[in-house]
Amino acid sequence: MPAIENLIECEFSLSEQLCYLNHAAVSPWPKRAVDAVKCFAEENGNSGSRYYEHWLETEQLLRRQLQALIGATGSDEIALLKSTSEALSVVAYGLDWSAGDQVIISNQEFPSNRIVWESLRPLGVEVIAVDIDSTAGPERQLIDAITARTRLLSVSSVQYASGLALDLAPIGAACRQQGVAFCVDAIQGIGVKPFDVEACQADFVMADGHKWMMGAEGLALFYCRREWIERLSLRQYGWHMVEAMGDYDRSDWQPAASARRFECGSPNMLGIHALHASLSLLLQVGIETIFSCVSDKVQYLVDNIVNSGGVILSSREPERRAGIVTFRFDGEAIEARYRHLQENGVICALRGGGIRFSPHFYTPEAVLQRALTFSCQPLNS
Ligand SMILES: Cc1ncc(COP(=O)(O)O)c(C=O)c1O
């Protein structure tokens with residue numbers, strides 16, 4: 001395997017004017033994803049769907065890559081949906097709710113992992129948003145909120161604004177023990193931090209591909225534990241979700257035995273080609289290596305921001321972080337700082353009352369240094 005430095009040099013050619021620290025929003029594509037999309041476009045232009053069989057092979061390979069990435073026991077537990085939000089909706093509207101049921105979330109969730117549960121209110125479902133900022137620790141707070149009425153607990157593996165990384169295993173164990181379904185929005189974790197669906201005992205996991213997995217928008221992983229595949233009611237139907245897919249003359253049908261039953265129509269083949277290429281890079285480098293590189297970069301940012309008098313809004317404990325660091329300077333308007341960063345080519349986000357930086361494994365130190373200069377210099381300079 002070529003040294004990681006060589007790979008990085010071959011795969012990333014972002015404009016030198018940019019300091020790209022926004023992987024928690026939308027990631028740039030590595031060169032091999034750009035090439036895969038170009039190739040796919042050329043092939044379409046030249047011969048339409050003549051080689052559809054090959055496209056289907058890429059689709060199958062992608063399912064296996066995703067399986068490997070999360071440690072699922074089979075690719076039959078993987079569905080390819082269009083977004084994290086869609087996958088959350090498949091779970092929310094697949095469960096059979098009774099009035100009085102409770103769903104537990106945290107008080108830091110991205111709107112997708114709150115609104116969908118709140119939408120069940122007309123069915124009598126109550127949403128409990130647990131304050132995970134308290135001193136007892138987020139896992140303890142979430143576990144202690146479980147009652148006899150709790151049906152499901154749904155949290156992000158890494159919070160989108162603060163970047164707080166949860167220890168999922170004790171939460172999953174508590175859910176399993178008490179018969180509560182465990183749902184993990186892992187869009188801010190998968191691709192940057194090792195994820196083991198068996199170790200954390202999640203029943204449902206969802207993650208769009210355009211952030212840390214470095215794919216295109218519009219294609220998301222949905223993991224559904226095998227025991228749950230038949231227990232979720234289906235809300236969308238079509239030719240693609242039936243067991244005998246492709247047998248168009250057949251009048252009888254039944255849903256596919258696998259998680260493909262959640263994919264009602266034609267797949268997003270363009271997105272599949274892009275994500276397959278991006279994941280081949282991540283798996284080649286290795287998620288442990290990626291996590292270690294990103295953790296070092298995040299620590300470097302934290303140390304320098306603190307030394308310049310900044311306030312870190314993310315956790316100060318390295319094991320509680322993944323790829324996000326959020327900060328501000330007391331007495332300073334964060335909107336003005338954000339504008340200053342944007343004007344100087346530092347691509348980042350305003351989240352959770354601060355500036356959110358999110359480097360990936362390939363982000364050069366020089367980019368971090370430049371971003372820090374524009375983050376810490378007086379605003380009127
Ligand atoms: C934690 C989290 N969940 C869900 C989403 C939305 O994902 P999607 O657009 O795939 O529904 C985001 C997007 O930023 C996010 O950060």
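Everything quoted here is computed from the prediction, not taken from an experiment. Whatever order the structure lists them in is the order used to number ligands and atoms, beginning at 1.
The hydrophobic cluster around Phe291 extends to none of the other residues, as no ILVMFWY side-chain heavy atom falls under 4.5 Å of it.
Expressed to the nearest 0.5 Å, how far NZ of Lys193 lies from OG of Ser157 amounts to 7.5 Å. The SG atom of Cys348 lies 12.5 Å from the CD1 atom of Ile324; values are rounded to the nearest 0.5 Å.
Ring centroid separation for the pair Phe222 and Phe262 comes in under the 6.0 Å cut-off. Aromatic pair His23/Tyr362: ring centres closer than 6.0 Å.
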Could you check ligand 1 for N or O atoms lying under 3.5 Å from protein N or O atoms and list the pairs with distances?
from, atom 1, to, atom 2, distance (Å)
ligand 1, 3 (N), Asp185, OD2, 2.5
ligand 1, 7 (O), Thr84, OG1, 3.4
ligand 1, 10 (O), Thr84, N, 2.9
ligand 1, 10 (O), Thr84, OG1, 2.8
ligand 1, 10 (O), Asp208, OD2, 2.5
ligand 1, 11 (O), Thr84, N, 3.4
ligand 1, 11 (O), Ser85, N, 2.8
ligand 1, 11 (O), Ser85, OG, 2.4
ligand 1, 14 (O), Lys211, NZ, 2.7
ligand 1, 16 (O), Gln188, NE2, 3.0

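Note that Arg225 lies outside the cation-pi zone of Trp228, set by a 6.0 Å cut-off to the ring centre and a 45° limit from the axis.
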